[in-house]
Protein chains: 2
Amino acid sequence: MKKNRATIHDIALKLNITASTVSRALNDNPRISDATKKKVLKVAKQINYQPNHIASALRSGKSKLIGVIVPTANRNFFSSVIRGIEELANSLNYKVIISQSYDDFDKEVQTVEALLNARVDGIIASIAKTTENVDHFQKIIEKGIPLVLFDRITNLLEVSQVVIDDHYGAYQTVDHLIKNGCKRIVHFSSNPRINIYHERKRGYEDALKDNGIEVDPKLITFSNLQLEDGRRIMQEIIDSKIDFDGVFSSSDYSIMGALQVLKENGYKVPEQVKIAGFGNEPFTSFTEPPITTVDQKSIPMGKITAESFFELLNAGSSSPVAKKTILKPELIIRKSSINNS
Amino acid sequence: MKKNRATIHDIALKLNITASTVSRALNDNPRISDATKKKVLKVAKQINYQPNHIASALRSGKSKLIGVIVPTANRNFFSSVIRGIEELANSLNYKVIISQSYDDFDKEVQTVEALLNARVDGIIASIAKTTENVDHFQKIIEKGIPLVLFDRITNLLEVSQVVIDDHYGAYQTVDHLIKNGCKRIVHFSSNPRINIYHERKRGYEDALKDNGIEVDPKLITFSNLQLEDGRRIMQEIIDSKIDFDGVFSSSDYSIMGALQVLKENGYKVPEQVKIAGFGNEPFTSFTEPPITTVDQKSIPMGKITAESFFELLNAGSSSPVAKKTILKPELIIRKSSINNS
DNA sequence: TTTTAATATGCAATCGATTGCTCATACTAT
DNA sequence: ATAGTATGAGCAATCGATTGCATATTAAAA
């Protein structure tokens, strides 16, 4: 019940030295002799000393905490990235606070505020879909706190960013659909303020153009890209009798919804309509037919994001290297998009 | 670049009062007059004062942080529970540190250690599948730190726990399979040290018995319940020519694997084999056929878990109420388990 | 008017670790 | 032998907020 936690003073007392010496010994400071260090370490173990990170954080200004903001952890992509970050961070004795914005702008602002108040040493984030401005992120930068963005980035900020080549991924996918016979491809897009959706749309458009197909704005839709959005939009398109023979979605969730609605309306996939998503969520391989999608290289992305972060952290206030890393995504071709001839 | 953060001293200086008064005013202490409080609040806003939680945590011993340990956040169930916890916690001005054990015992022990060192005010956890002993959790209790377990609990600890009635959920499901004609039902189970798997197995067995069907140990398998485990086990069972006409899995992931293997081997689901999972992961409704499963009431569970936690926190060292809450799960019947007659 | 009790605020120690600066000792070089 | 230089360790301030105890002011009671 009592908090008889051992402190460096207890160690100091036992060894008849001062707390400062103990502190230095524990931190492997060269100013302390090996003999003393050994004794300190021994006593520390003996009395089960556990450093008080709070006290250390207060004095040193370093909390050894990294805040990670994701729209939702409940996504294979994000949780994989988080895992990559965690692995490197933990190995460097940093702890990771995961917070979710739930794709809500206000919540994102609050979260940044909260992390700043918790005095995290830095923040890694992927921006919410509904984010209207990036003042809250700007504030982080102004405070001189390291910030790295991944995947859902923005051009409005001068920070290190890690992304995949969304244009390339989308281009490859749409090109693949066209090569398999599609001529009228619907595209599910989202908030163009978010770079990735903008880039994917550009990839879609460029692939069409390069194949001599005109871009038809009627085929491009904007939504939150959830399953329900996919369902709704697909139904609307079917009802409106717009001619189409393919669907390329910026999200696996909405393409899933589209697939359901297509089947419910008697469309054969891939015979009549070919579809492809983006993200390589595990369930895309479970569906009937399995869905063609784009793998976002989440594990490497997590690793590289963390590396960029620590680079920034170690650089300190000097050389504000705003590095942008671009990974090549991989098109995963499955049955939903190919001619079964 | 500079950390010109405002402190209570700055406020004190401006108002010609002391820091203690400012501190009390900010904390709405009744010993401070309303007039002073108002002035303090006004200046605080003016100079954009942000409280330093680290300092406050050091002095008061309260970090206002709750550690949440889950096997993986990348699961609809867990992320929903986390969301429930977060909502209540945030409304009470607590922050949540999410950490994942990745179902690894050692990692879980380390995580507990790390959270304790971060001086969290309490811990909410769901135990890893591979956990061999609960000494690390025992340590939390001994330190007098509030601990609440949810879903993956253990009987070895005298703590507040929140679970669903796994026996009931399993019983309902197996009974439903039997009512739809199954007589030889395979069961995918896992580490019986984890209560939920033990209970689900009991529910399975009791449903069989109550329907006059003998329990055949050959039909009960133990694994990690991942998709791959489901695939492997299903294939083994098919290869071994064991007679079966139904599968009830303690996890949606392994039943997904089983479904794939069944289809690959030419079995018709549900005509020849009826299947059901547990957890109501979103993808179970995407499959062909959609999979019958059990919903675990994740949102209420998160809410109730958090409530139990704060109850414990507020009780302090007095009245160590180890409350156990049991929620009723809901059988979600889909095509994979019903006669299409 | 004096005493009593509220009421409002200040003083100073404290939480535990870190760190710039000082100091003592021992060793090297001149 | 004496100045010069490492080397190892201590002193005391500090980080920013909290809190037990003391004090000053004012209002109510005697």
Side-chain angles (χ1 to χ4, degrees), chain A residues 2-41 43-44 47-65 93 116-121 143-145, chain B residues 2-41 43-44 47-65 93 116-121 143:
Chain A
K2 291 282 169 52
K3 33 189 81 183
N4 273 331
R5 287 237 177 73
T7 72
I8 51 171
H9 294 99
D10 299 324
I11 300 181
L13 219 64
K14 270 218 169 29
L15 289 171
N16 227 25
I17 53 178
T18 56
S20 9
T21 304
V22 174
S23 170
R24 292 197 174 96
L26 255 18
N27 288 312
D28 206 29
N29 188 306
R31 275 162 47 185
I32 302 298
S33 69
D34 285 345
T36 309
K37 279 181 191 168
K38 233 169 235 158
K39 277 191 281 180
V40 167
L41 249 22
V43 174
I47 65 176
N48 188 31
Y49 166 75
Q50 296 291 126
N52 186 329
H53 290 158
I54 302 272
S56 147
L58 176 59
R59 176 64 230 250
S60 68
K62 266 122 203 20
S63 66
K64 293 274 188 175
L65 288 175
N93 248 309
L116 250 25
N117 278 350
R119 297 299 197 272
V120 294
D121 288 347
K143 295 210 169 175
I145 293 173
Chain B
K2 291 283 169 51
K3 34 189 75 183
N4 273 331
R5 287 235 177 73
T7 73
I8 51 170
H9 295 100
D10 300 326
I11 301 180
L13 220 64
K14 270 218 170 28
L15 289 171
N16 227 26
I17 53 180
T18 57
S20 11
T21 304
V22 175
S23 171
R24 292 197 173 96
L26 254 17
N27 288 311
D28 206 27
N29 187 308
R31 276 162 46 185
I32 302 298
S33 69
D34 286 345
T36 308
K37 280 180 191 168
K38 231 168 236 158
K39 275 191 281 181
V40 167
L41 250 22
V43 174
I47 65 176
N48 189 30
Y49 165 76
Q50 296 291 126
N52 186 330
H53 290 159
I54 302 271
S56 145
L58 176 59
R59 178 64 230 254
S60 68
K62 265 121 203 22
S63 65
K64 293 274 190 174
L65 288 176
N93 248 309
L116 250 25
N117 278 350
R119 298 296 197 275
V120 293
D121 288 347
K143 294 208 173 179

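The sequence lines fix the lettering, A, B, ..., with proteins before strands; numbering per chain opens at 1.
With hydrogens and angles left out, the side chain of B:R31 and the base of C:dT7 share no donor-acceptor pair within 3.5 Å. Taking only distance into account, the side chain of B:S60 never meets the base of C:dC15 through a donor-acceptor pair shorter than 3.5 Å. The base of D:dG8 is not paired with the side chain of A:R24 by any donor and acceptor separated by under 3.5 Å.
B:D34 comes within contact range of no nucleotide atom at all, as no heavy-atom separation falls under 4.0 Å. Residue B:I17 is in sugar-phosphate contact alone, with no base atom involved, counting any heavy-atom pair closer than 4.0 Å across all strands shown.
Counting to the nearest Å, the P atom of C:dG16 and the CG atom of A:L58 are 12 Å from each other. The interatomic distance linking B:K64 (NZ) with D:dT18 (P) rounds to 10 Å, in whole Å. Between A:H53 atom NE2 and C:dC15 atom C1' the separation is 16 Å, expressed in whole Å. At whole-Å resolution of the value, CG in B:N16 and C1' in C:dC11 are 16 Å apart. Between the NZ atom of A:K62 and the C1' atom of D:dC15 there is a distance of 13 Å, given to the nearest Å. In this structure, the CZ atom of B:R59 is 16 Å from the C1' atom of C:dA17, given to the nearest Å. Distance CG (A:L15) to P (D:dG8): 17 Å, rounded to an integer number of Å. Remark: P of C:dC15 and CZ of B:R119 are 13 Å apart, rounded to the nearest angstrom.
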Run A:K37 and A:D28 through side-chain contact (heavy atoms from CB on, under 4.5 Å) and show every step you take. CA-CA 7 Å; A:K37 279 181 191 168; A:D28 206 29; 3.2 Å; yes

Where do A:K14 and A:I47 land on the side-chain contact (heavy atoms from CB on, under 4.5 Å) test, with the steps shown first? CA-CA 10 Å; A:K14 270 218 169 29; A:I47 65 176; 4.2 Å; yes

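Distance check, rounded to the nearest 0.5 Å: CG of B:N117 to CG of A:N52 gives 8.5 Å.
Under 4.0 angstrom from either OP1 or OP2 of C:dG10 there lies no side-chain N or O belonging to B:S20. For C:dT9, one of the phosphate oxygens OP1 or OP2 lies less than 4.0 angstrom from a side-chain nitrogen or oxygen of B:T36. Note on A:S56: a side-chain N or O is less than 4.0 Å away from OP1 or OP2 of C:dT18. The phosphate of D:dG8 (OP1 or OP2) has no side-chain N or O of A:T21 nearer than 4.0 angstrom. For C:dG10, one of the phosphate oxygens OP1 or OP2 lies less than 4.0 angstrom from a side-chain nitrogen or oxygen of B:T18. OP1 or OP2 of D:dT18 lies within a sub-4.0 Å distance of a side-chain N or O belonging to B:N27.
Side-chain proximity of B:H9 to D:dA17, C:dA8, D:dT19: nearest is D:dA17. Of the candidates D:dG16, C:dT19, C:dG16, the closest approach to any side-chain atom of A:S23 belongs to C:dT19.
With the nearest nucleotide of DNA chain C identified for both B:A55 and B:I32, B:I32 has the one nearer the 5' end.
Judged by distance alone, the side chains of B:T18 and B:T21 do bring a donor and an acceptor atom under 3.5 Å apart.
Judged by distance alone, the side chain of B:N29 and the main-chain N or O of B:R31 form a donor-acceptor pair under 3.5 Å.
Taking every heavy atom of both residues into account, A:V120 and A:S63 meet most closely at CA-OG, 3.5 Å.
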